[in-house]
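For reference, the structure discussed in these notes is given below.
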There are 2 protein chains.
Amino acid sequence: MPYSSEHKQKSRERILQSAYRLFSTKGFDAVTVDAVMQDCSLTRGAFYGHFTSKSELYKEALTFAASNSKLAEIKPEGLSPREWLSVLLDGYLSVEHVSGERPCPLAFLATDVVSRDKETNKTYARVYRRMNQLILDYAGRDSVRDEQAILSLTSMIIGAVAVSRTLEDKQLVQQILSSCRQQTRLLLGGI
Amino acid sequence: MPYSSEHKQKSRERILQSAYRLFSTKGFDAVTVDAVMQDCSLTRGAFYGHFTSKSELYKEALTFAASNSKLAEIKPEGLSPREWLSVLLDGYLSVEHVSGERPCPLAFLATDVVSRDKETNKTYARVYRRMNQLILDYAGRDSVRDEQAILSLTSMIIGAVAVSRTLEDKQLVQQILSSCRQQTRLLLGGI
DNA sequence: ATTTAAATATGATCTTTATCATATATAGAT
DNA sequence: ATCTATATATGATAAAGATCATATTTAAAT
């Protein structure tokens, strides 16, 4: 067997990483297979050894991003779930997140996802539900009532990030994020 | 002069109408010039008599949608600004809006807009600011504090509509919208 | 009725890009 | 060292779609 056994796996991850970064910045169509492969220093030929099509790549990149997002990555350390949730929300509602290279896929692919295939849609929905569940868990409640309240919270933070991403005015972005940080506290206070 | 004087103007509006409907449903790239023209029973040749390019069409459609949106269209009648705002928000956060053919461009083009040209970006930002201002006016306040609070409100409703659009699960969509309707009330209560 | 400029339609062209077919490089196993 | 399956690269194909060049239709003005 040629190449070390992890080689292909590593390539695959590099492709996914590049793909997500590019997709989330430019959207599906504006990103070519060539561009993705060049971004991770491979060539288009190799691509089809990893994925059967660009569409499949998109789905995989979405899933990949979800499991490697900031939200999923950082782990609580000596913090109560509530405190941890606080940290999490502030991170989500930060300039770094908004203008970073690995933004939340929920915020960045929303429009794009509508038009794509059922599979992609389902993936998106799965990621969305997971996010709500995660926050609900941290908030430490699970009544139907609280579950409902969380939905408006996630709408807010996803909306904030999505809109902020489009705006050039950095000051305005700061204001949006700051406003949402405050609001999330008020909202969680009622839960 | 051939054709009635309003003819071209009417064609132009038909094109914009079709364009917006299609763009907001499928995104920029998934919509071809041909498709837009067929949608309004014209042919691609005629297109370039109205717009210089597909990109220009996109910008114009965005502006067009903003000035013809539900939000801008309906006028208060015997209602106080506050009551009116209530009606407005409920309309925005309704299934009809989410699954309708003329959804808010802020929610539906967010991802798409990032990658497009500066002009489009500016148009989007203008529409966004106008929306915030409008709500602030109806809310009847204009302190910096309130202005900030509104930003989280609009984030929430835009996010809710954008996400809802992607979800197949109608019940979940209902819950999201309902949750946000409640939250907007709480939020406005504090203003 | 004719004329005519504006509006629309039709048939290329030309570029972009996904995907495929084929060739080459890689490094474990012998 | 050589062999070989796997991974990657290169060049080709083909389809889609934006834009253009040219033809045709329209209805106001004479």
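Note that the coordinates shown come from a computational prediction; the quantities given were computed from them, not determined experimentally.
In this structure a side-chain-to-backbone donor-acceptor pair under 3.5 Å is missing from S152(A) to Q148(A).
Here S11(A) does not reach the OP1 or OP2 of dA7(D): none of its side-chain N or O atoms lies under 4.0 Å away. Considering only side-chain N and O atoms, H7(B) lies nowhere under 4.0 angstrom from the phosphate OP1 or OP2 of dA28(D).
In this entry the distance linking CD of Q38(A) with P of dA9(D) reads 11 Å, nearest Å. In this entry the distance linking CZ of F28(A) with P of dA18(C) reads 8 Å, nearest Å. To the nearest angstrom, P of dA7(C) lies 13 Å from CZ of F51(B). Distance, L57(B) CG to dG17(D) P: 16 Å, rounded to whole Å. Summarising the geometry, the separation between CG on D29(B) and C1' on dA18(C) is reported as 14 Å, rounded to the nearest angstrom. Taking atom CG of residue D34(A) and atom P of nucleotide dC20(C), one finds them 15 Å apart after rounding to whole Å. Between M37(A) atom CE and dT17(C) atom P the separation is 16 Å, expressed in whole Å. We find that CZ of F47(A) is positioned 21 Å from P of dT22(C), with the value rounded to whole Å.
Using a 4.5 Å heavy-atom threshold, the side chains of V163(A) and L106(B) count as separate. Counting heavy atoms from C-beta on, the side chains of I158(B) and M131(B) come closer than 4.5 Å.
The side chain of Y48(B) lies closest to dT19(D) when the candidates are dT19(D), dT8(C), dT17(C). Of the candidates dA9(C), dA18(D), dA9(D), dA9(C) carries the atom nearest the L42(B) side chain, counting heavy atoms from C-beta on. In this structure, the nucleotide among dT10(C), dT19(D), dT8(D) sitting nearest to the side chain of T43(B) is dT10(C).
Checked against the 6.0 Å centroid criterion, the rings of Y58(B) and F28(B) qualify as a close aromatic pair. Ring centers of F51(B) and F47(B): under 6.0 Å apart, within the cut-off.
Remark: the R44(A) side chain and the dT17(C) base include no donor-acceptor N/O pair separated by less than 3.5 Å.
No engagement by V36(A) is indicated, since no non-hydrogen atom pair under 4.0 Å with the nucleic acid exists.
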